[in-house]
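To start, the structure itself, in structure tokens.
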Amino acid sequence: GFGLTLAIGIFTTLFCCLILSRALLELSIKNNIIKKALSKGLISGDANFPFLKYAKASFIISWTVVIIGVAVLISRGDKTLSIDFTGGDIVAVSFNPDKKIPIESITALSTATSDEGIGEIQASYQTDLATRSENLVLQVESEKGQKIFDLLAQKFPDAGLKLVSQQSIGASVSGDITRDAFIAVALSLLLILAYVAFRFELSYGIGAIIATFHDVVITIGLYAIFGLFGIGSGQFSAPMVAAILMVMGYSINDKIVVFDRIREELKLKPTMTLKDIINYSINKTMSRTILTSLSTFFAAAALFLFGTGIIVDFSFVFMLGIVAGTFSSVFIASPVFYWWNKGNRDCVEKDEHLPYERIDGVLITHEHYDHVGGLDDLRPFCRFGSVPIYAEEYVAKALRLRMPYCFVDHRYPGVPDIPLQEIEPGQRFSINHTEILPLRVMHGRLPILGYRIGQLGYITDMLTMPEESFEQLAGID
């Protein structure tokens, strides 16, 4: 029922976002209800915070919290698992509100072993949503529910205890619930990886899956840690699995937004480094991330403050997951994506379809007095690998003088690899099995290269041509 309701809610939300919200906005503008667009966001559009600079520190801190949480889970053992996973009896008991028994007094009745006495007792007070009446709910070992009720009635005769209900969950049923819970989480992680890898590229999927796994583990660990201080029960039941799955869904949604912006900026900013692209994308989506997280967090907080019973724990887990998911979108998913690609945007784009093709070589005709036109435009094409340039000696010297950052062994990050090959008029060479013959032509006193490429002749800015160049052009189309 919960899953079905959530699925229906997703589709209705999609409908409202794509159709209803747009229609209302258009009507508001048409009727002059809205006369000016909102120009200010929560965060300035010029924000340029270097998030990746603090990625390693954030990574260490978050995974330290994960380790502490796992340690708490291990130390508590089965105490963190409800009867849904361990099997046993659930006993609901009504009582006199004026004689409410402290939880500590009930758990103190537990014995060290289950072979003698009554074994371990997990007790909590829960309010029935239908009757609004508060009951004492006891989770005990199998076939000991009646025995514990009798003991409590004997120990606390003034409490007016009455047995409301008793439910037994066998070991096989609890085993099925445990298995199904692990299958649900593992299958969700695999589907998330497959979707993101298909929707984007494998490295995006790796970043998303590691960050989502981080969110699940840190949420469970924090829930157990807070349970030690009485915030939430600190105990996991079957509905908690649904909360974890909701955390995973919410978490991946935010990561998709960031990754989509990264992919878009990679196309729009071909000369920017991958590190700068990621920082820029996170800054641009941060306002949306904070607003979405806060609105969802406040809704979950209302359930936590005013809900009862399992709703309190459910909403608390979701609140922790919202914080973890928002954090990991910035400091886990994006850095993992960056590290997986070794900080090189070429690794991201090698399998992507781009709106231009590889260039096998560039033939330079001459040098102008203030530039060699068009070379800066080569940067986007260098995503496919190096783009060699062919020029005669004096032009090559000018290129090394005016564009030194492109022709040295140790270039700045993001500078394309442009090999420079020196050629001479009349000496044939090949580019990708295509034979090319450089020709000498003159622009007044300025020597220029023309080129014969098979049956094609390319000459520009020529005023005169030596006789031997005419001979080399014989027979062209």
Side-chain angles (χ1 to χ4, degrees), residues 48-63 189-215 248 251-286 289 325-359 378-387 405-406 408-419:
N48 188 28
F49 187 80
F51 290 98
L52 286 184
K53 179 180 179 181
Y54 304 97
K56 289 184 179 179
S58 302
F59 211 82
I60 293 172
I61 293 172
S62 65
W63 285 102
L189 287 172
L190 289 176
L191 290 175
I192 288 171
L193 174 62
Y195 168 75
V196 177
F198 174 77
R199 176 72 171 77
F200 295 90
E201 190 262 340
L202 179 61
S203 57
Y204 292 97
I206 298 298
I209 204 71
I210 292 177
T212 304
F213 176 76
H214 160 274
D215 296 342
M248 293 170 62
S251 173
I252 194 64
N253 176 68
D254 198 41
K255 290 161 184 57
I256 291 293
V257 172
V258 177
F259 284 160
D260 194 53
R261 186 60 181 255
I262 290 174
R263 185 175 63 171
E264 180 183 354
E265 296 301 337
L266 282 169
K267 295 179 179 179
L268 296 176
K269 296 176 173 55
T271 61
M272 187 178 285
T273 65
L274 182 60
K275 183 177 182 179
D276 292 337
I277 285 285
I278 293 174
N279 282 328
Y280 180 84
S281 300
I282 295 175
N283 277 287
K284 289 299 181 182
T285 57
M286 183 55 64
T289 296
T326 303
F327 173 86
S328 68
S329 296
V330 176
F331 293 108
I332 303 294
S334 298
V336 168
F337 166 74
Y338 176 76
W339 295 328
W340 181 269
N341 289 292
K342 301 176 183 178
N344 189 348
R345 64 180 294 157
D346 293 342
C347 296
V348 185
E349 299 167 324
K350 60 183 178 181
D351 296 325
E352 288 195 21
H353 175 71
L354 297 176
Y356 34 72
E357 299 179 357
R358 178 184 176 86
I359 293 179
L378 289 178
R379 292 171 184 255
F381 300 96
C382 292
R383 300 189 197 183
F384 298 100
S386 61
V387 177
Y405 48 83
C406 286
V408 293
D409 293 333
H410 302 288
R411 298 183 303 277
Y412 289 112
V415 174
D417 180 17
I418 305 180

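The chain is numbered in sequence order, starting from 1. These values consider heavy atoms only, across backbone and side chains, with no hydrogens, waters or symmetry-generated copies.
Between the N279 side chain and the P50 main chain, no donor and acceptor come within less than 3.5 Å of each other. D215 places no side-chain N or O within donor-acceptor distance of the main-chain N or O of S328, the cut-off being under 3.5 Å. For D254 (side chain) and S329 (main-chain N/O), no donor-acceptor pair under 3.5 Å exists by modelled atom type.
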Between Y54 and F59, does a ring-ring contact (aromatic ring centres under 6.0 Å, His included) hold up when you go through it step by step?
CA-CA 8 Å; Y54 304 97; F59 211 82; over 10 Å; no
Go through S62 and F327 one step at a time and tell me if the side chain to side chain contact (heavy atoms under 4.5 Å, CB included) criterion holds.
CA-CA 9 Å; S62 65; F327 173 86; 3.5 Å; yes
Determine whether Y338 and L274 satisfy the following criterion, side chain to side chain contact (heavy atoms under 4.5 Å, CB included), listing intermediate values before the conclusion.
CA-CA 7 Å; Y338 176 76; L274 182 60; 4.0 Å; yes
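Nearest approach of L190 to I209, heavy atoms of both residues: N-CD1, 4.5 Å.
How far OG1 of T285 is from CD of E265: 10.0 Å, rounded to the nearest 0.5 Å. Rounding to the nearest 0.5 Å gives a distance of 5.5 Å between CG of L52 and CD1 of I282. The distance from atom CD1 of I277 to atom CD of E264, rounded to the nearest 0.5 Å, is 10.0 Å. Atoms CD1 and CD1, on I256 and I252 in that order, are 5.0 Å from each other to the nearest 0.5 Å. Taken from CG in N48 to OH in Y280, the straight-line distance is 9.5 Å, to the nearest 0.5 Å. Rounded to the nearest 0.5 angstrom, I332 CD1 and H214 NE2 are separated by 4.5 Å.
For the pair I262 and Y204, the minimum side-chain heavy-atom distance is below 4.5 Å. F49 is not listed as a side-chain neighbour of M286, based on a closest heavy-atom distance of 4.5 Å or more. Contact check for F331 versus I61: no side-chain heavy atoms found under the 4.5 Å cut-off.
Below 30°, between 30° and 60°, or above 60°: for F337 and F259 the angle between ring planes is between 30° and 60°, a tilted geometry.
No side-chain donor from either of K255 and T212 sits under 3.5 Å from a side-chain acceptor of the other.
Residue W339 qualifies as enclosed at atom CH2: its count of foreign heavy atoms under 6.0 Å is above 12.
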